[in-house]
Protein chains: 2
Amino acid sequence: MYSQSEENYLKAIYHLEESSEKGVSTSKLSEELQTKAASVTEMLKRLAEKKLVNYRKYYGVSLTPEGKSWALAIIRKHRLWEYFLVECLNFNWDEVHEVAEQLEHIQSKKLVEELDCFLGRPSFDPHGDPIPNAAGVLPEFKKRRLSEFKVGDTLICKGFSDASSSFLQFLDQHKIGLNTLVSIKSIQEFDESMLVKVGNNEIMLSKTATQNIFVERNKESKIKERA
Amino acid sequence: MYSQSEENYLKAIYHLEESSEKGVSTSKLSEELQTKAASVTEMLKRLAEKKLVNYRKYYGVSLTPEGKSWALAIIRKHRLWEYFLVECLNFNWDEVHEVAEQLEHIQSKKLVEELDCFLGRPSFDPHGDPIPNAAGVLPEFKKRRLSEFKVGDTLICKGFSDASSSFLQFLDQHKIGLNTLVSIKSIQEFDESMLVKVGNNEIMLSKTATQNIFVERNKESKIKERA
DNA sequence: TAAAATTTTTAGGCAAAACTAAATAATTTT
DNA sequence: AAAATTATTTAGTTTTGCCTAAAAATTTTA
Ligand SMILES: [Mn+2]
Ligand SMILES: [Mn+2]
Ligand SMILES: [Mn+2]
Ligand SMILES: [Mn+2]
């Protein structure tokens with residue numbers, strides 16, 4: 001229906017709309033997609049022609065409902081394939097993204113639905129990112145960063161906002177993954193770095209790191225708190 | 001490494017080289033790929049440039065060792081994905097080809113090898129076509145057509161050379177699939193159509209049909225013959 | 001608010017991969 | 001062996017998606 005390139009633009013616009021308040025600019029897009037601004041302008045005109053985006057010259061772009069639903073369909077496929085690669089094919093979570101970037105463009109309604117079913121309709125991908133359902137609806141979840149908590153809190157890792165291979169490998173090294181329990185031992189005042197306990201080890205996390213780790217309060221510790 | 005279009009040309013040349021004695025002509029390729037002869041000529045020049053084919057103007061084309069090994073890699077992926085779709089995702093054998101045409105172009109050594117392993121290193125795809133191993137070697141097997149046999153022979157279906165959806169659905173209707181037992185009851189002299197028994201039903205197969213069904217002698221009936 | 005800096009768009013090209021129409025080579029017929 | 005037919009290649013376009021350089025609009029700064 002749409003070309004790979006068009007789909008990549010839709011996805012990029014979706015992600016940038018999510019992560020920033022204002023509209024999406026040509027330069028942000030060109031950075032995200034590793035292309036020149038002139039190429040972006042051209043593509044935006046084509047996408048506007050096809051009613052996938054609202055584009056006003058010089059004032060950025062936003063997705064139409066049609067564009068958004070198409071973007072969510074791509075993201076759904078991307079995350080389902082990532083889940084498949086990790087759960088079925090022994091991929092590590094830091095090596096799935098590239099392949100999923102290719103697989104997300106495969107066109108087949110039946111393929112996606114059967115894959116979803118085969119995998120047991122997962123709600124989150126290996127990085128903790130939510131998987132939209134067939135209707136494009138994301139599962140409910142709250143995003144709080146490890147950096148927002150204080151000494152004594154015990155938390156469960158639920159996602160990571162920097163998906164770079166180096167960050168994921170760093171997490172692996174320190175045995176931090178999805179659903180890992182982390183408790184905060186101390187916080188350095190001058191740079192907000194945290195000393196946390198993971199399993200039996202204590203490790204130091206910079207603020208950059210703690211801002212990129214999404215967590216949920218541990219139920220057990222919640223009970224303790226109330227008690 | 002190579003574009004989807006280039007890969008489709010390599011695959012088409014491979015298949016045409018297999019199925020015909022002489023070299024592969026521009027017109028055969030244009031027919032196979034549903035494009036115009038002029039487009040084929042252009043592409044052949046590009047592929048020759050890249051040392052994937054031997055191309056002599058006006059005299060057709062053949063694959064170089066490099067081209068052949070690339071073609072086999074694509075075919076390997078195509079057939080592994082078809083196997084996956086049928087075995088894991090509830091696809092029927094007549095609906096896998098289109099999707100496999102897309103999946104075969106996904107680039108990832110690890111993906112193919114892990115998929116192969118996950119599926120249990122199958123030797124034949126859902127249509128009975130042989131799956132090359134990682135080194136590009138095809139499993140041993142002998143191709144004999146149902147049309148070559150005579151009254152009284154009992155055979156096991158091992159493959160089908162016409163992969164059209166309509167033929168596969170015809171086979172489904174008559175409960176003929178991979179490893180189905182078929183015994184020849186009678187053969188009409190004037191058109192060579194066969195009356196065969198499949199399960200408890202007797203059905204009539206035209207010569208066109210029997211020529212497109214690959215079979216193996218049934219071991220049991222072999223023993224009977226000798227006895 | 002006018003000048004400077006930055007961002008975005010336009011204009012003009014390029015490469016891949018397709019097409020049509022015309023030219024040319026190969027093959028078949030007479 | 002020449003003519004007719006068929007197959008193949010060449011030439012010239014088109015579309016997609018990218019590029020650089022130049023022009024224009026917006027935003028920032030003074
Ligand atoms: Mn990813
Ligand atoms: Mn992910
Ligand atoms: Mn197939
Ligand atoms: Mn097949």
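Chain letters run A, B, ... following the sequence lines, proteins first, then strands; residues in each count from 1. Being a predicted model, the structure only gives us computed values, none of them experimental.
- Where Gln4(A) and Ala38(A) each meet DNA chain D at their nearest nucleotide, the meeting point lying more 5' is that of Gln4(A).
- The aromatic rings of Trp70(B) and Tyr2(B) sit perpendicular to each other, their planes meeting at more than 60°, with 30° as the lower class boundary.
- Phe160(A) pairs with exactly one of Phe170(A), Trp93(A), Phe124(A) by the ring-ring contact (aromatic ring centres under 6.0 Å, His included) rule, that one being Trp93(A).
- For dT8(D), neither phosphate oxygen OP1 nor OP2 lies less than 4.0 angstrom from any side-chain nitrogen or oxygen of Lys57(B).
- Comparing Gln34(B) and Lys50(B) along DNA chain C, the residue whose closest nucleotide (by nearest heavy atom) sits nearer the 5' end is Lys50(B).
- One can place CZ of Arg56(B) at 13 Å from P of dT8(D), the figure rounded to the nearest angstrom.
- If you measure from atom CZ of Arg46(A) to atom C1' of dT15(D), you get 9 Å, rounded to the nearest angstrom.
- Backbone-only contact: Thr26(A) has heavy atoms under 4.0 Å from sugar-phosphate atoms and none from a base.
- No option in Lys77(A), His78(A), Arg76(A) other than His78(A) meets the side-chain hydrogen bond (donor to acceptor under 3.5 Å, both in side chains) test with Glu104(A).
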Check: Please walk me through it: do Leu119(A) and Cys88(A) pass side chain to side chain contact (heavy atoms under 4.5 Å, CB included)?
Finding: CA-CA 9 Å; Leu119(A) 298 174; Cys88(A) 301; 4.1 Å; yes
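- We find that CD of Glu42(B) is positioned 10 Å from C1' of dA11(D), with the value rounded to whole Å.
- Applying salt bridge (Lys or Arg N to Asp or Glu O under 4.0 Å) to Asp116(B) and the options Arg121(B), Lys109(B), Lys110(B) leaves one that passes, Arg121(B).
- Residues Pro130(B) and Pro132(B) come closest through the heavy atom pair O-CD, 3.6 Å.
- Nucleic acid contact class of Tyr55(A) (heavy atoms, under 4.0 Å, all strands): sugar-phosphate only.
- Per the geometry, CE belonging to Met43(A) stands 11 Å off P belonging to dC19(D), to the nearest Å.
- In this structure a side-chain-to-backbone donor-acceptor pair under 3.5 Å is present from Thr64(A) to Leu52(A).
- The stretch residues 5-21 of chain A touches DNA chain D through Ser5(A), Tyr9(A), each having a heavy atom within less than 4.0 Å of the strand.
- Each of Lys45(B) and Thr35(A) has a nearest nucleotide on DNA chain D; the 5'-most of these lies closest to Lys45(B).
- Nearest heavy atom pair, residue Gly60(A) against residue Tyr55(A), reads O-CD1, 3.8 Å.
- Not counting sequence neighbours, the partners of Glu6(B) by the salt bridge (Lys or Arg N to Asp or Glu O under 4.0 Å) test are Lys50(B).
- Note on Thr41(B): every side-chain N or O is 4.0 Å or more away from OP1 and OP2 of dT10(D).
- Contacts between chain A and DNA chain C, taken as any atom within less than 4.0 angstrom of a protein heavy atom, begin and end at dT8(C) to dT10(C).
- At the heavy-atom level, Lys28(B) lies nowhere under 4.0 Å from the strands shown.
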